[in-house]
Amino acid sequence: MSSLIVDLVLCGVAYVVLIYFVATMTRARIQRGRNRNDDGDGGIEDFTPPKIDLPPGVIWPSDIPKRRKQTEIF
C-alpha cells in the first residue's frame, strides 16, 4: 500500500476515536446538570439599561423638558 492510503486510514481512525471521546464526555456533562432552568451565567440579574454618555447638546427623547402653557397677555 502506498503511504497516502496508510495516512488516510490512520487519520480516519484518529477522527473516529476523537469523535467518540467528545461524545462520551459531552453526554456525561449533560446528565450531571439536572437543573435545566439555569442559564449558567451566574451573578445578580440587573435589568436596568446602561447609562450611555452622550455628546454635548444631545439628549434622549424621554429627557425632553416639559413645556409650560404660555398665557396670552393683551
Side-chain angles (χ1 to χ4, degrees):
M1 286 201 288
S2 72
S3 63
L4 177 64
I5 294 174
V6 173
D7 287 343
L8 289 175
V9 169
L10 289 176
C11 286
V13 170
Y15 179 76
V16 169
V17 169
L18 181 68
I19 294 300
Y20 172 75
F21 282 125
V22 168
T24 56
M25 289 179 187
T26 304
R27 185 173 359 121
R29 183 177 298 158
I30 290 173
Q31 289 176 354
R32 252 187 272 149
R34 295 174 194 229
N35 187 3
R36 301 277 184 204
N37 295 333
D38 186 22
D39 57 358
D41 61 352
I44 300 171
E45 294 182 6
D46 186 19
F47 296 114
T48 59
K51 183 69 176 169
I52 299 176
D53 188 24
L54 297 174
V58 178
I59 61 173
W60 290 105
S62 60
D63 294 339
I64 294 175
K66 307 291 184 207
R67 293 186 182 183
R68 286 187 264 162
K69 292 183 180 179
Q70 294 179 356
T71 57
E72 294 182 23
I73 302 174
F74 292 105

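Positions are given from 1, in the same order as the sequence printed here. The analysis underlying the following values was restricted to heavy atoms, covering all of them including side chains, and did not include hydrogens, waters or symmetry mates. Since the model is a prediction, treat every value here as computed from it, not as a measurement.
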### Query
Using a side-chain heavy atom cutoff under 4.5 Å and only I, L, V, M, F, W and Y, what cluster partners does Leu8 have?
Leu4
#### Entry: Transitive ILVMFWY side-chain link Val13 to Val16, under 4.5 Å
no
#### Entry: Test item: Thr26 side-chain N/O and Ala23 main-chain N/O as donor-acceptor pair under 3.5 Å
no
### Query
How far does CZ of Phe21 sit from OG1 of Thr24, to the nearest 0.5 angstrom?
6.5 Å
### Query
Val58: what forms a side-chain contact (heavy atoms from CB on, under 4.5 Å) with it, not counting sequence neighbours?
Leu54, Pro55
### Task
Would you please name every residue forming a side-chain contact (heavy atoms from CB on, under 4.5 Å) with Thr48, sequence neighbours left out?
Asp46
